[in-house]
Amino acid sequence: MRTHLCGELDESNVGEQVTVAGWVNRRREHSQHLAFVDLRDHSGIVQCVVDNTVDVRSEYVVKVSGTVTRRPEGTANESLATGQIEITEATVEVLSAAEPPPFPLDERADEVDEMVRLRYRYLDLRRERMQRNLRIHSQVNAAIRAAMVRQGFVEVETPMLMPTTPEGAREFVVPSRQQPGSFYALPQSPQLYKQLLMVGGLDRYFQIARCLRDEDLRADRQYEFMQLDMEMSFVDVDDVLAAVEESVLDAAEAVTGVRPDAVPRIAWHDAMNRFGTDKPDLRFELELIELTDVFAETEFKAFASAGAIKGLNARGAAADWGRNKLDGLTDTAKSFGAKGMVWMKVGAEGDDGVLVLDSPVAKFLSDTERKSLVERTAAEPGDLLLLIADEWHTTCEVLGELRNRLGRPPVNEGPYRYLWVVDFPMFVGVDDATGRPKPGHHPFCHPHPEDIPKLESDPMSVRAWAYDLVLNGWELGSGSIRIHDRELQKRVFAVLGVEDDEAEARFGFFLNPFRYGAPPHGGFAYGMERLVAILAGEENIREIIAFPKPQSGLDPMTGAPTEIDPDQLAELGVRVLPPIE
RNA sequence: GGUCCCGUAGUGCAGUCUGGAGUGCACGCCGCCCUGUCAAGGCGGAGGUCGCGAGUUCAAAUCUCGUCGGGACCGCCA
């Protein structure tokens with residue numbers, strides 16, 4: 001139908017008879033017998049010189065045949081890739097007329113209400129930005145698939161219809177027609193199957209797998225999303241990290257042309273201490289400063305009883321933070337669980353040769369404490385100090401939030417700083433109902449061998465062979481080495497308070513295969529949309545998904561979800577209750 | 001379940017604080033003019049449930065309450 005793409009024509013085609021096809025990007029009328037039609041396809045735009053009697057308007061789908069001609073002297077358009085040439089003596093065939101689009105299909109649509117873009121997503125997708133993002137998405141998929149295959153991984157698909165599992169995210173559920181009253185669950189992830197593939201001797205499995213979770217939507221979360229899911233046998237942590245690293249570095253290189261540096265590692269405990277989060281953004285320096293010992297003897301009540309005192313030094317920020325903004329920051333700190341926040345503006349040297357600290361609580365500090373504080377934070381006049389005193393975890397987390405608010409660039413701003421966070425705690429917190437520790441990752445995660453002796457005596461100090469991958473402060477994914485030894489699994493269940501028969505009932509179909517010889521194995525999964533969004537420079541994964549859903553989960557284009565026919569319900573053995581008041 | 005922000009023509013906005021006739025801008029759309037434009041230009045025109053519903057008022061886009069929709073975040077996402 002066509003001989004060329006619009007965007008690939010240039011001076012080398014001058015004199016050729018060509019046929020191109022696409023959408024009318026713009027029409028500029030000049031007189032009775034002269035008009036310019038900018039024809040657009042996915043590759044770009046080319047100008048066609050037509051007779052003004054031709055009846056084409058914006059977004060008409062047309063086929064244009066004509067001669068590629070060098071533009072007359074002085075009429076070249078340097079801002080257009082095809083700006084040196086145009087198609088002349090053009091004949092235009094309308095393939096499909098079009099109503100005016102409900103919003104402009106150029107970069108101005110970036111400002112249009114997202115609901116309008118989503119309602120007409122098929123029009124939004126014609127835009128350069130969306131074309132680019134979907135093509136980047138495709139490139140990333142291809143690069144990752146190639147990296148996995150190259151490393152000996154086998155791509156295997158796993159079922160979408162599976163049993164419900166008690167742990168984890170809320171599931172989407174599908175009624176069974178043949179077994180009325182019974183339901184399948186859609187996979188939150190292929191976790192169970194991929195471990196069984198290891199028992200099945202696949203050795204190295206991967207899948208770009210669709211996962212579904214019925215949890216609230218966010219900028220980085222959709223009901224349905226894709227994971228690069230992988231699992232490998234006869235490996236240790238280093239092997240898994242190396243295989244994943246290869247794929248995400250390839251992905252970044254495929255998009256940007258630049259291969260990021262090897263991915264550094266940080267222990268979870270160090271990440272919390274230094275950055276106040278398990279997903280640190282390494283693109284800015286600001287780190288938490290340990291101050292617990294500085295205030296060991298303090299008489300300031302808010303500090304005296306705290307388990308941990310830490311601070312941040314925002315260099316030169318004192319002048320930027322007036323009383324109102326600091327009050328707002330204090331509210332932020334409180335919303336993340338702090339009892340309060342202490343701020344201090346560093347002033348000039350006082351009579352005693354120590355820098356004066358301007359703060360509502362300055363009067364409660366001894367000279368020694370003030371001196372140590374200035375020293376420890378390397379404070380200089382004009383700096384702003386923020387201090388949090390609480391139990392260790394809260395102190396870290398709150399300061400981690402403040403750190404991000406003070407210095408974090410937008411997630412989509414380069415450079416790309418991948419990070420491994422390793423040695424996660426095996427157990428996190430205590431289950432309110434049972435009083436037992438809760439698994440940090442999942443109950444099949446292998447404890448760090450050095451800590452196995454402490455499983456029963458001091459479970460909360462046990463590290464897991466679990467690790468996260470972080471990019472620019474976004475958690476991309478997580479994984480672990482799994483327990484392949486039934487006795488160790490029993491011990492972990494015992495810590496969790498899961499009895500043998502309960503384990504059999506809840507996880508039997510998954511654990512019984514391990515009776516027949518399970519290889520040591522471990523794996524990983526990371527969110528493709530998050531990776532693609534960051535690589536594409538987008539802050540919201542909706543921008544790199546063809547048909548995403550807004551926060552309500554209602555699809556503004558198709559109207560899903562919809563009520564269904566009573567007959568259909570009857571066949572499924574499902575009765576709909578009136579809404580709960 | 002919660003906190004904060006937003007909703008005015010097809011699109012993006014101003015107007016809302018301090019109530020006074022849908023007052024207005026840009027783009028788009030329709031018509032006419034125009035022989036080198038490229039976000040072409042000129043002239044003219046059409047287009048409004050100010051998200052919806054109550055309330056206050058002589059009078060509500062504007063104030064109050066409720067509600068719907070959207071966004072960011074908390075909870076949630078092993």
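Below, chains carry the letters A, B, ... as their sequence lines are ordered, and counting in each starts from 1.
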Is there a donor-acceptor contact under 3.5 Å from the side chain of [X] to the main chain of [Y]?
X         : Y         : answer
Arg486(A) : Phe514(A) : no
Arg482(A) : His521(A) : no
Gln489(A) : Pro443(A) : yes

Measure the distance from [atom1] on [X] to [atom2] on [N] and round it to the nearest whole Å.
X         : N       : atom1 : atom2 : answer
Glu401(A) : rA72(B) : CD    : C1'   : 13 Å
Asp113(A) : rG51(B) : CG    : P     : 13 Å
Asn52(A)  : rG31(B) : CG    : C1'   : 14 Å
Glu215(A) : rG1(B)  : CD    : C1'   : 13 Å
Arg405(A) : rA72(B) : CZ    : P     : 15 Å
Glu543(A) : rA72(B) : CD    : P     : 10 Å
Lys194(A) : rA78(B) : NZ    : P     : 13 Å
Leu123(A) : rU11(B) : CG    : P     : 13 Å

In whole angstrom, give me the gap between the [atom1] atoms of [N] and [M].
N       : M       : atom1 : result
rG10(B) : rG47(B) : P     : 12 Å
rG55(B) : rC73(B) : P     : 39 Å
rA9(B)  : rG24(B) : C1'   : 12 Å
rA46(B) : rG2(B)  : C1'   : 47 Å
rA54(B) : rC68(B) : C1'   : 14 Å
rC4(B)  : rG44(B) : C1'   : 47 Å
rG19(B) : rC43(B) : P     : 38 Å
rU56(B) : rU64(B) : P     : 15 Å

For a quick check of understanding: with a heavy-atom distance under 4.0 Å over all strands, which category does [X] fall into, base, sugar-phosphate or nothing?
X         : value
Asp214(A) : nothing
Ala466(A) : nothing
Gly74(A)  : nothing
Glu99(A)  : nothing
Ala219(A) : sugar-phosphate
Ser335(A) : nothing
Ser552(A) : sugar-phosphate
Arg213(A) : sugar-phosphate
Gln47(A)  : base
Pro72(A)  : base
Arg57(A)  : sugar-phosphate
Asn25(A)  : nothing

Check your understanding: Reckon Arg28(A) has a side-chain N or O less than 4.0 Å from the OP1 or OP2 of rA40(B)?
Key ->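 Result: yes.
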**Study point:** Presence of Arg542(A) side-chain N/O under 4.0 Å of rA72(B) phosphate oxygens OP1/OP2
**Key:**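 For Arg542(A), the contact criterion (side-chain N or O under 4.0 Å from OP1 or OP2 of rA72(B)) is met.
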Check your understanding: Relative to each other, are the rings of Tyr122(A) and Tyr120(A) parallel, tilted or perpendicular (30° and 60° limits)?
Key ->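 Rings of Tyr122(A) and Tyr120(A): perpendicular, as their planes differ by over 60°.
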I want to verify a distance call: between [options], whose nearest atom is closest to the [X] side chain?
X         : options                   : result
Thr75(A)  : rG10(B), rG36(B), rG75(B) : rG36(B)
Arg218(A) : rG71(B), rC73(B), rG10(B) : rC73(B)
Pro550(A) : rU11(B), rG12(B), rG71(B) : rG71(B)
Arg108(A) : rC77(B), rG71(B), rC27(B) : rC27(B)
Leu34(A)  : rC38(B), rG12(B), rU35(B) : rU35(B)

Is there a Watson-Crick or G-U wobble partner for [N] with both distances under 3.5 Å, and which nucleotide is it?
N       : answer
rC4(B)  : rG71(B)
rG12(B) : rC25(B)
rU64(B) : rA54(B)
rG41(B) : rC33(B)
rG48(B) : none
rC77(B) : none
rU18(B) : none

Donor-acceptor pair (no angle test) under 3.5 Å: [X] side chain, [N] base:
X         : N       : value
Arg27(A)  : rC38(B) : no
Arg117(A) : rG70(B) : no
Glu29(A)  : rU37(B) : no
Arg26(A)  : rU37(B) : no
Asp216(A) : rG75(B) : yes

Check your understanding: Salt-bridged, Asp451(A) to Arg463(A), with N to O below 4.0 Å?
Key ->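 Answer for the salt bridge query: yes.
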Review point. Do Arg218(A) and Asp220(A) sit within salt-bridge range, that is, some charged N less than 4.0 Å from a carboxylate O?
Key: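 No.
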Review point. Under the 5.5 Å and 30° test, is His30(A) stacked on the base of rA40(B)?
Key: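 Yes, the aromatic ring of His30(A) stacks with the base.
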Review point. Less than 5.5 Å between centroids and less than 30° between ring planes, does Phe36(A) satisfy that with rU37(B)?
Key: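 Taking the rule of under 5.5 Å and under 30°, the ring of Phe36(A) does stack on rU37(B).
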Review point. Below 4.5 Å, heavy atoms only, C-beta onward: do His446(A) and Asp485(A) meet side chain to side chain?
Key: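 The answer is no, as the side chains (C-beta and beyond) never meet within the 4.5 Å cut-off.
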Review point. Which sits closer to the 5' end of RNA chain B, Ser79(A) or Phe336(A), going by the nucleotide each is nearest to?
Key: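 Nearest-nucleotide comparison on RNA chain B picks Ser79(A).
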Check your understanding: Start at the 5' end of RNA chain B and walk down; is the nucleotide closest to Val49(A) or to Gln188(A) reached first?
Key ->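 Nearest-nucleotide comparison on RNA chain B picks Val49(A).
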Review point. Out of curiosity, Lys549(A) NZ to Thr558(A) OG1, how far, rounded to the nearest 0.5 Å?
Key: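 Answer for the NZ-OG1 pair, Lys549(A) versus Thr558(A), is 6.5 Å.
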Exercise for review: Output the distance between atom CZ (Arg210(A)) and atom CZ (Phe225(A)), rounded to the nearest 0.5 Å.
Suggested key: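 Going from the CZ atom of Arg210(A) to the CZ atom of Phe225(A) covers 10.5 Å.
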Check your understanding: Looking at Gln32(A), Arg27(A), Arg28(A), which one forms a side chain to side chain donor-acceptor pair (under 3.5 Å) with Asn52(A)?
Key ->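 That would be Arg27(A); it is the only one of Gln32(A), Arg27(A), Arg28(A) passing the side chain to side chain donor-acceptor pair (under 3.5 Å) with Asn52(A).
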